[in-house]
Amino acid sequence: MSGSQPMSGNQPLCSRFTFVAFASLAELQTLLFIVFLIIDLFTVGGNLIIICLTWVTPSLHTPMCFFLANLSFLEMCCITSVVPQMLVHLLMENKTIGVGGCAAQMSMFTILGLTECCLLAAMAYNHFVAICYPLHYALHMGPQVCLKLAAASWTTGVVVESVQTTWIFTLPFCGTGKIQHFFCDIMPVVKLACVDTSRNEIVMFAVSVLFIMSPCVLILCSYVRIFVTILIIPSAVGRRKAFSTCSHILVVSLFYGTALFTYLQPKTAHTPETDKATALMYTVVTPALNPVIYTLKNKEVKEAFQRVTQRNSLRQMA
């Protein structure tokens with residue numbers, strides 16, 4: 001049994017949790033370690049390149065690139081909050097974590113996740129203004145506005161998810177303390193509570209609807225207006241150019257597709273297999289794809305990257 005201590009009844013309270021996500025894949029754990037390590041290094045490196053490019057390239061000092069740098073920082077932190085511990089556990093027999101460590105991991109991951117929801121909505125608004133009101137873009141998306149939108153995204157994530165995580169960890173956890181997952185996600189942890197959690201589930205569902213669906217609705221409304229505006233552009237070249245700036249919708253689809261599937265399902269609909277599969281998508285795959293999508297689809301970022309690499313090549317040749 002995971003570390004436990006007596007409680008008032010006959011059931012022991014857990015002081016440590018054990019991850020058993022890859023227990024049935026013991027012979028593949030070394031291979032999984034190599035695969036996830038490569039993805040982790042690629043993701044951190046790719047997002048770090050975007051942040052550095054945005055910092056050192058004056059032509060990228062734009063609202064969209066400001067939000068993109070924030071998104072890259074979020075993705076870097078998100079994968080770092082989950083994957084390094086998973087890598088360690090893939091090589092160790094002892095795959096445990098203390099309740100305090102579990103609470104810290106859940107708090108960090110959920111804060112980053114909700115902040116990303118809000119930031120994606122801010123990016124959609126930026127795109128909406130750029131396409132639908134180009135003459136007013138400089139007025140509506142000045143530096144102060146961008147800073148306020150980013151600050152509001154971070155504040156919402158920190159406040160809402162700190163409160164929610166604190167409330168979850170007021171629950172008593174008992175039994176074997178085995179988490180059918182590879183990190184401390186909300187529903188796998190709540191399942192370990194030895195009290196009725198129906199009230200908690202209702203509140204968590206309401207929080208998910210309000211703070212995940214609201215940004216999603218704003219994004220959908222923005223893109224409906226964007227697509228309508230693009231379709232009435234008389235020039236075919238103009239339409240293609242406007243559509244080429246819509247790579248943001250790919251990131252939104254990847255992120256929200258898995259997030260909505262995970263956090264808007266009732267507890268009874270969750271299974272360990274689906275939880276692990278969708279969690280791998282939004283903790284590992286999506287952060288890794290973001291640098292690829294933005295460097296391949298964003299003309300400004302791609303050109304800045306090419307200029308920097310060419311400049312470095314010339315310096316080495318000199």
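Computed from heavy atoms alone, side chains included, the values below leave out hydrogens, waters and symmetry copies.
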Joint cluster assignment, [X] & [Y], ILVMFWY side-chain distance < 4.5 Å:
X      : Y      : value
Phe66  : Met76  : yes
Leu90  : Val88  : no
Leu210 : Leu220 : no
Val82  : Leu32  : yes
Met187 : Leu114 : no

Gap between atom [atom2] of [Y] and atom [atom1] of [X] - 0.5 Å precision:
X      : Y      : atom1 : atom2 : answer
Ile179 : Ile97  : CD1   : CD1   : 7.5 Å
His89  : Phe33  : NE2   : CZ    : 13.0 Å
Leu41  : Leu48  : CG    : CG    : 12.0 Å
Leu218 : Leu120 : CG    : CG    : 12.0 Å
Cys102 : Leu192 : SG    : CG    : 8.5 Å
Cys118 : Met123 : SG    : CE    : 13.5 Å

**Prompt:** Where do Phe173 and Val189 land on the side-chain contact (heavy atoms from CB on, under 4.5 Å) test, with the steps shown first?
**Reply:** CA-CA 9 Å; Phe173 301 103; Val189 172; 3.7 Å; yes
**Message:** Could you check whether atom CH2 of Trp55 has more than 12 heavy atoms from other residues, nucleotides or ligands sitting under 6.0 Å from it?
**Reply:**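 Not buried by this count: 12 neighbours or fewer within 6.0 Å.
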**Asked** Taking the six-membered ring for Trp, is the centroid-to-centroid distance between Phe67 and Tyr125 below 6.0 Å?
**Response**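 Judged by ring-centre distance (under 6.0 Å), Phe67 and Tyr125 do not meet the cut-off.
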**Request:** Step through it carefully: locate the ring centre of Phe183, locate the ring centre of His181, and say whether they are under 6.0 Å apart.
**Result:**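 Aromatic pair counts; centres sit under 6.0 Å.
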Work out which heavy atom in [X] is nearest to a heavy atom in [Y]; give both atom names and the distance.
X      : Y      : result
Ala150 : Asn70  : CB-OD1, 4.3 Å
Gly157 : Ile111 : O-CG1, 3.5 Å
Ile50  : Ser72  : CG2-OG, 3.4 Å
Thr229 : Ile232 : O-CG1, 3.1 Å
Ile39  : Ala288 : CG2-CB, 3.9 Å
Ala279 : Phe182 : CB-CZ, 3.8 Å

Measuring only between side-chain heavy atoms, which start at C-beta, is [X] closer than 4.5 Å to [Y]?
X      : Y      : value
Ile131 : Arg225 : no
Thr176 : Thr18  : no
Val224 : Cys221 : no
Val99  : Arg16  : no
Met141 : Cys146 : yes
Trp154 : Leu74  : yes

May I ask you to decide if [Y]'s main-chain N or O and [X]'s side chain share a donor-acceptor pair within less than 3.5 Å?
X      : Y      : answer
Asn126 : Ala122 : no
Ser81  : Met108 : no
His140 : Val129 : no
Thr110 : Ser107 : yes
Thr57  : Leu53  : yes

**Verdict with reasoning, Thr283 to Val83, per side-chain contact (heavy atoms from CB on, under 4.5 Å)** = CA-CA 8 Å; Thr283 59; Val83 173; 5.7 Å; no
**Asked** Between Leu71 and Phe73, does a side-chain contact (heavy atoms from CB on, under 4.5 Å) hold up when you go through it step by step?
**Response** CA-CA 5 Å; Leu71 181 65; Phe73 178 74; over 6 Å; no
**Item:** Intermediate values then yes/no, side-chain contact (heavy atoms from CB on, under 4.5 Å), Phe19 and Cys184
**Value:** CA-CA 9 Å; Phe19 297 108; Cys184 291; 3.8 Å; yes
**Flag for Thr165-Glu161: side-chain donor and acceptor within less than 3.5 Å** =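 Note: Glu161 and Thr165 side chains miss the donor-acceptor criterion.
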**Asked** Just checking, is any N or O donor in the side chain of Glu75 or Asn290 under 3.5 Å from an acceptor N or O on the other one?
**Response**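 Yes.
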**Request:** Give yes when the SG atoms of Cys216 and Cys117 are nearer than 2.5 Å, otherwise give no.
**Result:**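 The answer is no, since Cys117 and Cys216 keep their SG atoms 2.5 Å or more apart.
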**Asked** Going by the angle between their ring planes, with limits at 30° and 60°, are Tyr223 and His127 parallel, tilted or perpendicular?
**Response**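 Perpendicular.
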**Request:** For the residue pair Phe169 and Phe17, categorise the inter-ring angle as parallel (less than 30°), tilted (30 to 60°) or perpendicular (more than 60°).
**Result:**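 Tilted, since the angle between the ring planes falls between 30° and 60°.
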